[in-house]
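The block underneath contains the structure these notes are about, expressed in structure tokens.
Side chains are part of it too, since the values below use all heavy atoms of this structure and drop only hydrogens, waters and symmetry mates. Proteins come first, then strands; the chains are lettered A, B, ... in the order of their sequence lines, and each starts at number 1.
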Amino acid sequence: MNYWLMKSEPDTFSIEHLKQRRNQTEHWDGVRNYQVRNMLRDDFNVGDQALFYHSSCPVPAAVGIVTITRAGYPDHTAFDPNSPYFDAKSSAENPRWFMVDVQYTQTFPKPVTLKAMKANPELLASDFALLRKGSRLSIMPVTATQWSIILSMANAQHKQ
DNA sequence: GCCAACGTTGGC
DNA sequence: GCCAACGTTGGC
């Protein structure tokens with residue numbers, strides 16, 4: 001099983017939105033980057049867990065956990081001419097873009113902010129993809145070590 | 001295959 | 001709103 005970090009702009013789709021969806025589940029559509037596409041298509045497994053990360057907002061932070069309930073399958077928004085994610089070069093016969101399903105699992109008592117992560121020497125030493133200069137991927141892998149550091153940060157913040 | 005121009009991301 | 005960093009596009 002793998003760990004991931006998945007970015008979303010909370011104005012568009014926050015962890016609260018996910019929590020309110022039917023079955024607290026939603027497909028993660030709209031990825032239009034090949035590196036991320038490859039991860040969605042090839043590396044996501046049912047049961048994987050991901051940090052839900054709020055980006056492009058006042059306090060960028062990992063705000064909770066989601067669980068992967070369906071592995072990579074074609075992103076149908078690419079087939080819809082009315083969708084902002086439409087891509088004429090993607091077809092049902094030869095899909096170019098993929099998505100997974102995620103289910104709400106947990107909201108952290110307090111978000112683990114980007115600022116706090118940058119201030120954590122262990123995370124910095126672990127070469128965390130999120131903290132790499134110029135890192136812009138909307139989905140990135142998280143190691144088991146990084147995962148446990150971030151969860152312990154979430155819990156430590158809770159105890160304060 | 002190179003690379004300039006352009007678009008996007010995302011923190012600040 | 002700014003801008004650094006990166007990805008994509010398309011002319012050559």
* Aromatic plane relationship, A:H17 with A:F13 - under 30° parallel, 30 to 60° tilted, over 60° perpendicular -> parallel
* Can you name the residues that form a side-chain contact (heavy atoms from CB on, under 4.5 Å) with A:R70, not counting sequence neighbours? -> A:Y73, A:D101
* **Distance, rounded to the nearest Å, where A:M140 contributes CE and C:dG7 contributes C1'** => 14 Å
* Starting at atom CG of A:L130, determine the distance to atom P of B:dG10, rounded to an integer number of angstrom. => 10 Å
* Structure fact -> Tightest non-hydrogen contact, residues A:A92 and A:P95, listed as O-CD, 3.6 Å
* **Between C1' of B:dG11 and CG of A:L131, the distance in whole Å** => 12 Å
* Neighbours of DNA chain C within residues 30-40 of chain A, by heavy-atom distance under 4.0 Å -> A:Y34, A:Q35
* Heavy atoms under 4.0 Å, any strand shown: does A:K118 hit a base, just sugar-phosphate, or nothing? -> sugar-phosphate
* Asked: Between A:M140 and A:L130, is a side-chain contact (heavy atoms from CB on, under 4.5 Å) present by the stated rule, with each step listed?
  -> CA-CA 7 Å; A:M140 42 189 94; A:L130 182 71; 3.9 Å; yes
* To do: Return the value, rounded to whole Å, for the distance between atom OH of A:Y53 and atom P of B:dG10.
  => 9 Å
* To do: Could you check A:W4 against A:Y53 for ring-ring contact (aromatic ring centres under 6.0 Å, His included), going step by step and ending with a plain yes or no?
  => CA-CA 10 Å; A:W4 306 96; A:Y53 180 86; over 10 Å; no
* Asked: What's the CG-P distance between A:D11 and B:dG11, to the nearest Å?
  -> 13 Å
* State yes or no: do A:M99 and A:M39 share one hydrophobic cluster built from I, L, V, M, F, W and Y residues joined by side-chain heavy-atom distances below 4.5 Å, directly or via other members? => no
* Asked: Would a line drawn from the ring center of A:F44 to the ring center of A:W28 be shorter than 6.0 Å?
  -> no
* Give A:S56 one of three labels, base, sugar-phosphate or nothing, depending on what nucleic acid heavy atoms sit under 4.0 Å from its own. => base
* To do: Not counting sequence neighbours, list each pair that qualifies as a ring-ring contact (aromatic ring centres under 6.0 Å, His included) and has a residue in residues 104-129 of chain A.
  => none
* Rounded to the Å, how far apart are A:H54 NE2 and B:dT9 P? -> 17 Å
* Which residue pairs satisfy the salt bridge (Lys or Arg N to Asp or Glu O under 4.0 Å) criterion with at least one member in residues 12-36 of chain A, sequence neighbours excluded? -> A:R21-A:E26, A:R32-A:D75
* Specify the separation, in whole Å, of atom CE of A:M117 and atom P of B:dC12. => 11 Å
N/O-N/O pairs, protein side and nucleotides 3-5 of chain C side, under 3.5 Å:
from  : atom 1 : to     : atom 2 : distance (Å)
C:dA5 : OP1    : A:K133 : NZ     : 2.8
C:dA5 : N3     : A:R136 : NH1    : 3.4

* Asked: Where is the tightest heavy-atom contact between A:M117 and A:V112, given as atom of each residue plus distance?
  -> CE-O, 3.4 Å
* Think A:K7 has a side-chain N or O under 4.0 angstrom from the OP1 or OP2 of B:dT9? -> no
* Without hydrogens or angle criteria, can the side chains of A:Q103 and A:T67 be said to hold a donor-acceptor pair below 3.5 Å? -> no
* **Near-strand residues of residues 72-89 of chain A, defined as heavy-atom separation under 4.0 angstrom from DNA chain B** => none
